[in-house]
Each structure stands twice: as C-alpha cells, then as structure tokens.
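Notes follow the structure.
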Amino acid sequence: MAWIKVSEALASEAGRELTVKGWVRTRRDSKADGGLSFIQLHDGTCHDPIQVVARGDLPNYESEIARLTTACAIEVDGRLVESQGKGQAVEIEASEIRVVGWVEDPDTYPVPQKRHTFEYLREQAHLRTRTNTFSAMARVRHRLAMGIHRFFDERGFYWVHTPIVTSSDAEGAGQMFRVSTLDLMNLPRKGDGQQAAGKSGEIDFSQDFFGRPAFLTVSGQLEVETYCCSLSRVYTFGPTFRAENSNTARHLAEFWMVEPEIAFGDIHDNARLAEEMLKFLLDDLLTARADDMAFFDLRIEKGLIERLRHVIESPFRVLTYTEAIDILSKAEASFEFPVAWGRDLQTEHERYLTEEHFKQPVTIIDWPKEIKAFYMRLNGDGKTVAGMDVLVPRIGEIIGGSQREERLDVLDARIAESGLESEGYWWYRDLRRYGTVPHAGFGLGFERLILLATGMQNIRDVIPFPRAPKQCEF
RNA sequence: UCCCCGAUAGCUCAAUUGGUAGAGCGAGCGGCUGUUAACCGCUAGGUUCCUGGUUCGAGUCCAGGUCGGGGAGCCA
C-alpha cells in the first residue's frame, strides 16, 4: 500500500487503500460493535489530523492499540472510507496498526492534549511544535519564506548570501556579538610580545582568528549594496544578530531579515516595492495556508483574516515625517512623550498613526537626518534624509529602509558628522567612486511579518528556537 | 537597562489576620457511548523557585538572587 501524507489522504476519494504514518493526537474508545477506538493521527502536512478507526478484532488491539496515548508514533495500513460520524468527511478503516514509538510515561509527557500557556511551551520548544498552534506557525513561516523567494525571483531579483561574520558594524547602531577564538582567560595585550593575564593595555586582535575584531552581522545591507551596484536588483534573506539587552515581545537577539536593494531607484520606488511585497506575501499566505489561517483567525486573533484582507486591499498611506508630526501635534490623544519636529517617533505615536488615525499601514518618509543613519540620502532641504519606515497596526515598525546616499562628497560629510571612521568604509565608498547610481532598499523583520500574519503576540513564539537575553536553551 | 506584576501537583490556578496545602485540566483504572474540547465514578500525584532572616510556628512577613510576564527605551 502506498504511504501518503495525511493532507493527501484527507483530500482523497473514499475507497482508496493507503498507508499513513504519524503521531497520535488523541484516542477515544467505544464499546460499540464489539469495541473500537478512534485515533486522531497527525503528520504535520496540514492542519487537520485524520481519524483512524481501529476495530477490536485487530490482533494487537488489546495489547497495543488500546494503550496508545498522545504522541505515540504509529503506522497505519487501511482503506479510506466515508465517515459514519460527524466532524470529518473521510476516515481510515485500519487493517493493521504498527506502533513505532511509545510514550514512556503519559503522566509526565510535557505536552499532553490540553491547553498550555505559550510561556510554558516556550520552555518545551523541542516539543511545542506538536501543538496545533506551533505546527501551524511552522507551516506559515515556511510559506512566507518561500513566498519571499518567489516574489523576488519572479521580479528578477537575485538572492545574495551576505556574510554572517563581518568586520563592519553596518550602522554603528546595534550592539554586536563578538566572534573570537581568543582565550578569554588569557587575552593577548598590545604593548610587548609577552602575554600575561591581567596586564593592562588593549586587546591585541591581530592574534585573533581573523587578525582583527569580528562580529555577527547586524545587517547585510552594506554588503548587498555592492551586489546591487552590479546586478541591479538583489536581496538578502538570512539570520541577523543584535546583542541589545532589549526584553520585549517584539525583539530577538537572533532574527531573520529580508533586505532587498534596487539600483536606479529612489525612495518612492522603494516604498512601492515594500507595499507590493507585503501584499503579495499576505495574499499568497491566505490562499496557500487557508487551513492554518482559519485556525489563527478562530483561536489566536478574532477577525485576523478580515484585517489582513484590509491590508491587502487598501493602498498604504505614504506621508512625510513632517506631515506625521503635524498630525500628531493636532491629535487629541494625550501622549506621554512630547511631539516635536526633530524628535524620533515613540511607540505610542506610531500606534496612534497606524491604529487610530489611518487604521491601515503607514509609510513615513523624509526623516530628520540627525535621527537616521549616515548612509541615507540627504534631501534637497539639507535637513531631512530619504528614510522610510513602514508601520503596521499592533506591530509598529515592520520595515525600515531608505534611498542610499550615492554622492561621495555628501556621504563623506555624513560619515564625518556621525563620528565614524571613513577608513572602514573604503569598499562602501568605492561604490560611489566607480559608476555610482541612485539606489534604495529596506529591511523587513521576518518574525514581525509573521506576528502580523498570524496574530501571535510574542515574537518568541514565531521562531522555532528563540534567542533573547538570558535565553539560549536548546 | 528602567518601571510594575508573578513563581504552590505534569499544566492552569486557589489557600482569609502567619496556624493540618486544595480544585480544575491532564494521567492511570473502571463504567457508558460511532467517538471527536465527550460524559460519570475512583485513584495516584507536593523539598510551595533558590539562599538567608524574623517567629512557638512561614506558601503567606523581610533581605538578596534566579527565572517568567506586561509596559518603556532601542530597533527589524
């Protein structure tokens, strides 16, 4: 008999002989018809389990089948039949059930079939994917990741594998994780040839693995710009690391980021690309994972699907920072932090704009240069730069991007203003020396996209093994 | 990093002024039923987060720590 996925079995016509393999969700027994058991079997290929009917006359019924508990792994041979009961169209009439793996102690199995808090399941990250929510999350995450590749591939973008280990500190913004093979108990010091613990003086990184300080990347942007200035349309998609001691439901120390970069494009092309991408991804997800999305809509956030459709169907509101400040200063809401031109927007301001004033995603462009990174293109007014933040309800900032400064003299001035050393950016400056071109790009926090798409509240629940301050189990 | 809250059975939570630690869910056994968030009965299950202190007596009060949650900052 052909071994098929549960998803395929559920979509098949009755009468088919088949084999399915998976894990028991529940077993219910009945004394009817000489005894039988109903087993809900799940293999992760779709949201719904399939019901297996095991008759009492199966040879191992008393010895094994009647002792199956949640999470036992089994193989089932049988025939797909129309279900006599309500709740499912088809079920499997088992002709043979083989137990592959038992659960050693059902009483202490960490994830029995009952409600659990997400906080508890986080401590059981190796088992939580056996629950409805986390298997749905895994399928949604996969679909969104594949959607990102498909979206860009269909539009002629090349996926560039920017390095994880880097010596440049991208924006000088985020705290970085150091990568080193030096002996922490005996660090080499500058000054003389002798190495001795406790000696004063700076650490001599020339003796480190790379011969210089190295870190985990906080962004692939600077590197991907080099490919953009040759391949025209590129993107990175990979893990990113921030050593910030931030403990919130929206931050991770290790997260995945999508960073497209387009040549011969400006801030408006950039904003359009961001909007088109988000809409494509959400629309594709609602179609391809309708089963899981219905679950999130029912159990995680009521009205989720309707809200996502609203995001897909209504144009994003694009406005300048100056306009945003104007709206906020006229707002009747009372803010904890003051609203004034030149100050960064606080979370409460972002939420007001996207949740209360516009009630849809908002793209804010043209920010004061003092509060944005050095590489953002200086506008004609000399006061603002072509930066861009996309804000969405409930999440806040989901995308941050900009048109890049392509003029070498302006870039050098901005590097100097920002107090950075221009030497480290020699290769970044070279892009402006040899065939410079207007270009733009943005970074999308992949896990924040998943929060938006699923209605989940905590970012640690939309990545398989979350890494955060004091959290690196598994 | 800052502010607030919390930690008691496998899980979620009770426990009055400091005085014998309980329930629901889950689990095991039995009953009933083409069951499906099943239902009914019985049973088992505890170093009350850690260290120290106050007290005749601490789950409860005090100090320090660890971990978790909510909010903020920073950001994606």
Side-chain angles (χ1 to χ4, degrees), chain A residues 25-41 48-56 66-67 69-70 81-88 91 93 103 105-124 127 131-132 170-171 173-175 218-221 239-259 274 299 336-337 344-348 350-351 371-373 389-392 395-401 442-452 457-460 463 468-471 473:
Chain A
R25 276 288 168 78
T26 63
R27 190 200 84 236
R28 291 179 297 274
D29 303 324
S30 172
K31 286 290 189 296
D33 302 338
L36 70 166
S37 292
F38 300 94
I39 297 161
Q40 298 294 335
L41 191 70
D48 290 325
I50 193 165
Q51 177 158 281
V52 174
V53 180
R55 302 275 168 194
R67 293 177 182 172
T69 60
T70 300
V81 297
E82 287 183 18
S83 179
Q84 296 173 34
K86 292 173 184 168
Q88 58 281 318
E91 63 194 17
E93 184 79 36
V103 168
D105 180 8
D107 190 33
T108 56
Y109 175 58
V111 195
Q113 203 66 11
K114 75 178 286 291
R115 283 196 174 277
H116 295 98
T117 61
F118 291 140
E119 293 79 40
Y120 169 70
L121 289 172
R122 225 169 277 153
E123 297 168 358
Q124 308 290 339
L127 300 174
T131 65
N132 284 329
E171 324 172 19
Q175 287 287 106
V218 294
S219 165
Q221 182 201 317
T240 309
F241 306 86
R242 303 273 167 96
E244 259 127 30
N245 189 13
S246 60
N247 212 309
T248 82
R250 294 182 302 282
H251 290 84
L252 289 166
E254 176 182 301
F255 64 100
W256 285 58
M257 191 152 64
V258 181
E259 297 176 282
R299 292 290 163 85
E336 185 184 344
F337 292 88
D344 208 349
L345 297 189
Q346 304 296 315
T347 297
E348 58 179 348
E350 296 177 352
R351 294 188 72 138
I371 58 175
K372 289 294 183 184
D389 282 6
V390 178
L391 312 177
V392 296
I395 315 294
E397 184 179 344
I398 195 169
I399 285 175
F442 62 79
L444 164 74
F446 185 52
E447 285 75 19
R448 289 188 180 176
L449 171 66
I450 303 175
L451 289 178
L452 173 71
Q457 299 286 318
N458 195 311
I459 201 164
R460 297 170 193 197
I463 188 168
K470 302 287 189 293
Q471 195 172 76
E473 188 71 61

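Order of the sequence lines sets the chain letters (A, B, ...), proteins ahead of strands, with each chain counted from 1.
Residue-to-nucleotide contacts include a donor-acceptor pair under 3.5 Å from the side chain of A/E91 to the base of B/G34. A donor N or O paired with an acceptor N or O is found under 3.5 Å between the base of B/U35 and the side-chain atoms of A/Q88. Contact of A/R55 with B/G34 (side chain to base): a donor-acceptor pair of N or O atoms is detected under 3.5 Å.
A salt bridge links A/R27 with A/D29: the closest approach of a Lys/Arg side-chain nitrogen to an acidic carboxylate oxygen falls below 4.0 angstrom.
One can place CD of A/Q40 at 17 Å from P of B/G34, the figure rounded to the nearest angstrom. Between A/I459 atom CD1 and B/C74 atom C1' there is a gap of 14 Å when expressed in whole angstrom units. Here B/A76 presents its C1' atom at 12 Å from CD1 of A/I463, a figure rounded to the nearest Å. In this structure, NZ of A/K31 is placed 8 Å from P of B/G30, rounded to the nearest angstrom. With rounding to whole Å, A/E259 atom CD is found 13 Å from B/C75 atom C1'. Here B/A37 presents its C1' atom at 10 Å from CZ of A/R28, a figure rounded to the nearest Å. Here B/A76 presents its C1' atom at 16 Å from CD of A/Q175, a figure rounded to the nearest Å. At whole-Å resolution of the value, CD in A/Q113 and C1' in B/G26 are 10 Å apart.
Within 4.0 Å of A/Q51, counting heavy atoms only, lies at least one base atom of the nucleic acid. Looking at heavy-atom distances under 4.0 Å, A/D29 makes contact with a base. Residue A/V53 is classed as a base contact, given a heavy-atom separation below 4.0 Å to a base. Backbone-only engagement by A/I399 is indicated by non-hydrogen atom pairs under 4.0 Å involving sugar-phosphate atoms exclusively. A/G443 comes within contact range of the sugar-phosphate backbone alone, with a heavy-atom separation under 4.0 Å but no base atom that close.
Rounded to whole Å, the P atom of B/U8 lies 39 Å from the corresponding atom of B/U35. Annotation: B/C62 and B/U16 have their P atoms spaced 15 Å apart (nearest Å). Comparing B/U66 with B/C50, their C1' atoms are spaced 7 Å from each other, to the whole Å. Across the P atoms, B/C39 and B/A58 are found 41 Å apart, a figure rounded to whole Å. Using atom C1' as the reference point in both B/A44 and B/G10, the two lie 12 Å apart (nearest Å). Distance noted for atom C1' between B/G57 and B/A9: 24 Å (whole Å). Across B/G53 and B/U60, the matching C1' atoms stand 15 Å from one another, rounded to whole Å. Separating the C1' atom of B/U20 from that of B/A15 is a span of 12 Å, rounded to the nearest Å.
The main-chain N or O of A/R25 is found under 3.5 Å from a side-chain atom of A/T70 such that the two form a donor-acceptor pair. Side chain of A/E244 to main chain of A/Q175: a donor-acceptor pair is present (N/O by atom type, distance under 3.5 Å, no hydrogens or angles). No donor-acceptor pair closer than 3.5 Å links the side chain of A/E91 to the backbone N or O of A/V81. A/Y120 places no side-chain N or O within donor-acceptor distance of the main-chain N or O of A/V111, the cut-off being under 3.5 Å.
Neither OP1 nor OP2 of B/C67 sits under 4.0 Å from any side-chain N or O of A/Q471. Side-chain N/O atoms of A/Q457 include none lying less than 4.0 angstrom from OP1 or OP2 on B/G69. Under 4.0 angstrom from either OP1 or OP2 of B/C32 there lies no side-chain N or O belonging to A/S30. OP1 or OP2 of B/A72 lies within a sub-4.0 Å distance of a side-chain N or O belonging to A/R250.
The aromatic ring of A/F38 is not stacked on the base of B/G34, since the criterion of ring centres less than 5.5 Å apart with planes inclined by under 30° is not met.
The residue among A/A249 and A/M257 whose nearest nucleotide of RNA chain B is located toward the 5' end is A/A249. With the nearest nucleotide of RNA chain B identified for both A/T69 and A/I398, A/T69 has the one nearer the 5' end.
Nucleotide B/G6: paired with B/C67 (Watson-Crick or G-U wobble, both distances less than 3.5 Å). Across all strands shown, B/U43 pairs with B/A27; the Watson-Crick or G-U wobble distances both stay below 3.5 Å. Nucleotide B/C61 forms a pair with B/G53, judged by Watson-Crick or G-U wobble geometry with both contacts under 3.5 Å. If you check B/U1 for Watson-Crick or wobble pairing at under 3.5 angstrom, you find it paired to B/A72.
Which of B/A76, B/G68, B/A72 sits closest to the side chain of A/E119 comes down to B/G68. Side-chain proximity of A/Q84 to the nucleotides B/A27, B/G69, B/G34 is greatest for B/G34. The side chain of A/Q346 lies closest to B/C74 when the candidates are B/C74, B/G34, B/A76.
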For nucleotides 1-11 of chain B, give me every protein contact, N/O to N/O, under 3.5 Å, one pair per line with atom names.
{"unit_1": "B/U1", "atom_1": "OP1", "unit_2": "A/N245", "atom_2": "ND2", "d": "2.5"}
{"unit_1": "B/U1", "atom_1": "O5'", "unit_2": "A/N245", "atom_2": "ND2", "d": "3.4"}
{"unit_1": "B/U1", "atom_1": "O4", "unit_2": "A/N245", "atom_2": "O", "d": "3.2"}
{"unit_1": "B/U1", "atom_1": "O4", "unit_2": "A/N247", "atom_2": "N", "d": "3.4"}
{"unit_1": "B/C11", "atom_1": "O2'", "unit_2": "A/K114", "atom_2": "NZ", "d": "3.3"}
{"unit_1": "B/C11", "atom_1": "O2", "unit_2": "A/K114", "atom_2": "NZ", "d": "3.1"}

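Residues passing the salt bridge (charged side-chain N to carboxylate O under 4.0 Å, His left out) test with A/R122, sequence neighbours excluded: A/D461.
Side-chain contact check for A/I459 versus A/R448: some heavy-atom pair is nearer than 4.5 Å. By the 4.5 Å heavy-atom criterion applied to side chains, A/V53 and A/L36 are counted as neighbours. You'll find the side chain of A/E348 reaches within 4.5 Å of the side chain of A/E336, heavy atoms only. Using a 4.5 Å heavy-atom cutoff, the side chains of A/Q51 and A/Q40 are in contact. Inter-residue side-chain proximity for A/D389 and A/K372 is flagged as met; some heavy-atom pair is nearer than 4.5 Å.
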